[in-house]
Amino acid sequence: MPVESSSSSGSRQTKQKRKSHSLSIRRTNSTEQDRSGLQRELLEGQSCDNLDSFGRMEDSKLPLSLRTNLLDLFSQIEREFENLYLENIELRREIESLNDRLAADGQAVEGTDLAKGALKTKASHSTSQLSQKLKTTYKASTSKPSQGVDTSSPRDLVIQILNLFSSLCPKRTRTPVCIIPIFNIVSSFKATTSRAVCQLVKEYVGHRDGIWDLSATRAQPVVLGTASADHTAMLWSIETGKCLLKYLGHQGSVNSIKFHPSEQMALTASGDQTAHIWRYMVQLPTPQPVADTTTPCEDDVDSSDKDDADGDAEGPNDCPSVRVPTTTLRSHQGVVIAADWLVGGKQVVTASWDRAANLYDVETSELVHSLTGHDQELTHCCTHPNQRLVVTSSRDTTFRLWDFRDPSIHSVNVFQGHTDTVTSAVFTVGDNVVSGSDDRTVKVWDLKNMRSPIATIRTDSAVNRISVSVTQKIIALPHDNRQVRLFDMSGVRLARLPRSNRQGHRRMVCCSAWCEDNAACNLFTCGFDRQAIGWNINIPALLQEK
């Protein structure tokens with residue numbers, strides 16, 4: 001195979017960058033006729049120079065039809081971004097025009113960027129109305145499809161390109177690096193107008209491996225429980241961050257932890273193919289003053305991706321421990337990935353990688369029902385807070401609703417709303433189910449009509465175990481990309497929790513859990529950086545921005 005010299009390779013790269021830069025200038029300054037002519041020229045292959053800017057496609061070993069398809073997809077992306085660029089130019093002109101009108105009316109103006117809320121006036125009432133109208137116009141203009149162009153989003157076009165790459169390289173599992181910046185560009189067009197405050201209150205550090213799950217007790221005293229891959233579960237003081245108790249009864253990873261609705265009992269599921277019920281008794285320490293670490297939700301800057309959790313974390317060695325469960329549930333033939341209490345606390349349900357969910361009687365430890373039907377491993381289970389309903393999710397891209405309200409029979413409904421693993425499905429207090437998936441979507445369903453979702457949230461990363469607040473029904477989404485985002489039930493994004501080199505998660509976020517009864521922390525998250533974090537979310541400010 002001939003090898004190209006370093007000088008020849010360097011000159012070729014310089015030439016490609018120069019031509020690519022030239023094309024970029026032509027895209028942003030040419031008319032629509034010029035742009036369509038450029039696209040036609042690219043597709044018909046009449047310009048070797050332009051083809052050279054796409055990686056010398058004339059020398060490519062790709063089939064002609066595939067090369068043409070790739071060029072067509074890139075041209076569609078180009079048209080989409082051109083349209084967004086032109087819309088933003090037009091909005092800038094409208095902003096300047098409105099600014100001039102306000103200045104002519106004698107109102108004080110500071111800066112010219114109304115889109116970022118920099119307008120300040122003496123006549124606060126009229127100016128507030130105008131600012132709100134401008135914000136509405138901006139959102140409407142940037143969200144509606146452009147006229148005369150393909151309505152496919154840039155993300156959908158990129159997915160089509162990725163599918164083409166996958167067909168060429170079936171063994172390739174990583175996304176081509178050259179495609180990744182497109183997602184960031186798309187995200188940059190979203191306005192960041194939230195002024196809600198998200199305060200990091202406390203970090204709970206002590207586990208020696210990643211934390212899969214966490215939850216807060218429903219009965220007094222209110223404590224936080226975490227389940228970790230280090231084979232332990234821990235109970236924490238929410239206010240001080242001190243470990244109160246460690247459970248050491250499992251022989252495998254502890255994948256889930258849930259608390260009894262009224263008694264001091266915990267239910268844990270483990271990779272040792274069992275679920276344990278164990279009692280605890282803790283004494284809360286005196287809380288210490290908490291430093292103010294208030295940070296705007298949307299304005300944090302991720303200045304470093306450095307992982308500070310690679311070292312050996314020193315776990316709490318002075319806290320008491322429990323080693324023997326009061327009840328051991330043994331019926332599964334695979335990893336028990338999740339478990340939960342049914343309403344009343346007399347029965348529990350477990351979900352396993354053996355593709356079954358089991359319903360147990362707590363007092364007798366007997367298996368009441370084996371819930372079978374999923375085609376692949378289960379990933380999560382959740383019970384309704386007020387009714388005898390259970391929802392299970394699976395890697396088979398479905399989730400199932402099990403109804404035990406009639407003691408004599410139990411019915412099941414299967415829902416196929418996702419295209420990849422359903423990582424979790426949870427009930428709300430009302431008549432809704434919220435499901436999250438590795439297909440990067442979260443869907444809200446109405447229990448009275450489950451044929452199609454009432455809202456769909458599309459994200460840029462796989463979604464793990466979600467949580468919905470009881471009173472305000474705010475959905476907290478933990479992501480593989482270390483972010484935690486908040487949405488309402490209609491799919492409107494409310495905020496993104498801060499994540500920088502000094503606060504927030506540094507690795508995949510596995511789970512979120514609301515605890516609205518606690519004044520200090522009303523939201524908890526955990527992840528594979530071996531820590532759990534307690535947040536204080538200013539919900540009134542959050543909803544005011546809605």
Side-chain angles (χ1 to χ4, degrees), residues 194-207 211 213-228 233-246 257-262 264 266 280-297 300 316 318-319 385 429 465-478 484-486 494-500 502-505 509-527 529-544:
S194 176
R195 296 192 300 271
V197 173
C198 302
Q199 181 179 357
L200 189 153
V201 179
K202 188 65 65 176
E203 295 177 341
Y204 307 89
V205 180
H207 281 292
I211 303 177
D213 195 28
L214 82 172
S215 65
T217 59
R218 309 181 204 179
Q220 294 295 331
V222 179
V223 297
L224 176 68
T226 55
S228 171
M234 291 185 183
L235 304 186
W236 307 81
S237 167
I238 294 177
E239 287 75 15
T240 65
K242 180 181 179 181
C243 177
L244 304 176
L245 186 142
K246 182 187 296 186
I257 182 168
K258 290 291 184 293
F259 293 100
H260 192 277
S262 58
Q264 292 188 9
Y280 62 90
M281 185 175 295
V282 294
Q283 182 176 1
L284 297 180
T286 304
Q288 300 296 325
V290 178
D292 185 10
T293 57
T294 302
T295 305
C297 289
D300 64 295
D318 55 344
C319 65
V429 173
R465 294 183 178 179
I466 60 180
S467 176
V468 183
S469 64
V470 175
T471 58
Q472 302 296 339
K473 294 187 178 180
I474 299 174
I475 311 169
L477 308 185
V484 180
R485 295 183 174 91
L486 306 180
L494 301 177
R496 174 171 59 87
L497 269 59
R499 195 189 76 79
S500 67
R502 283 183 284 181
Q503 63 177 336
H505 288 286
V509 189
C510 298
C511 180
S512 64
W514 288 93
C515 181
E516 296 171 279
D517 295 333
N518 187 271
C521 302
N522 54 2
L523 177 64
F524 297 95
T525 57
C526 65
D529 53 3
R530 309 177 188 176
Q531 69 172 342
I533 298 179
W535 307 87
N536 184 275
I537 309 300
N538 190 339
I539 294 181
L542 202 65
L543 298 178
Q544 186 177 3

Closest non-hydrogen atoms of Pro285 and Lys242, given as atom of the first, atom of the second and distance, are CG-CD, 4.5 Å
*Is any side-chain heavy atom of Leu245 less than 4.5 Å from a side-chain heavy atom of Cys319?*
no
Checklist entry - Can Asp517 and Val222 be said to form a side-chain contact (heavy atoms from CB on, under 4.5 Å), step by step? => result CA-CA 9 Å; Asp517 295 333; Val222 179; 5.7 Å; no
Rounded to the nearest 0.5 angstrom, the OH-SG distance for Tyr204 and Cys521 is 4.0 Å
task = Check whether any side-chain heavy atom of Val470 sits under 4.5 Å from a side-chain heavy atom of Trp514, and report yes or no.
result = no
*Does Ile537 reach the side chain of Leu486, with side-chain heavy atoms less than 4.5 Å apart?*
yes
**Derivation and outcome, side-chain contact (heavy atoms from CB on, under 4.5 Å), residues Trp535 and Thr525** = CA-CA 8 Å; Trp535 307 87; Thr525 57; 3.0 Å; yes
Does Asp213 come within less than 4.0 Å of Lys258, counting only side-chain N to carboxylate O? yes
Phe259 meets the ring pair (Phe, Tyr, Trp, His ring centres under 6.0 Å) criterion, sequence neighbours left out, with Tyr280
Sorted by chain and number, sequence neighbours left out, side chain to side chain donor-acceptor pair (under 3.5 Å) with Ser467 holds for none
Tightest non-hydrogen contact, residues Ser469 and Ile474, listed as OG-N, 2.7 Å
Output for pair (Gln220 CD, Ser262 OG), nearest 0.5 Å, gives 12.5 Å
Distance col, row Arg465:CZ vs Ser215:OG, nearest 0.5 angstrom, shows 10.5 Å
For Ser228 and His207 the tightest heavy-atom approach is CB-ND1, 3.1 Å
Taking every heavy atom of Glu516 against every heavy atom of Gln472, the minimum-distance pair comes out as OE2-N, 3.9 Å
Nearest heavy-atom contact between Phe524 and Gly534 is CD2-CA, 3.6 Å
*Got Met234 and Leu224 here, is their nearest side-chain heavy-atom distance under 4.5 Å?*
no
Output for pair (Lys246 NZ, Leu235 CG), nearest 0.5 Å, gives 11.5 Å
Separation between CG (Leu497) and CG (Leu200), nearest 0.5 Å, reads 8.5 Å
Heavy-atom check, side chain of Cys198 versus side chain of Arg496, under 4.5 Å:
no
Taking every heavy atom of Asn536 against every heavy atom of Asn522, the minimum-distance pair comes out as CA-OD1, 3.5 Å
Separation between CD1 (Ile211) and NE2 (His505), nearest 0.5 Å, reads 8.5 Å
Original post:
Taking it one step at a time, do Val223 and Val282 satisfy side-chain contact (heavy atoms from CB on, under 4.5 Å)?
Top reply: CA-CA 9 Å; Val223 297; Val282 294; 4.1 Å; yes
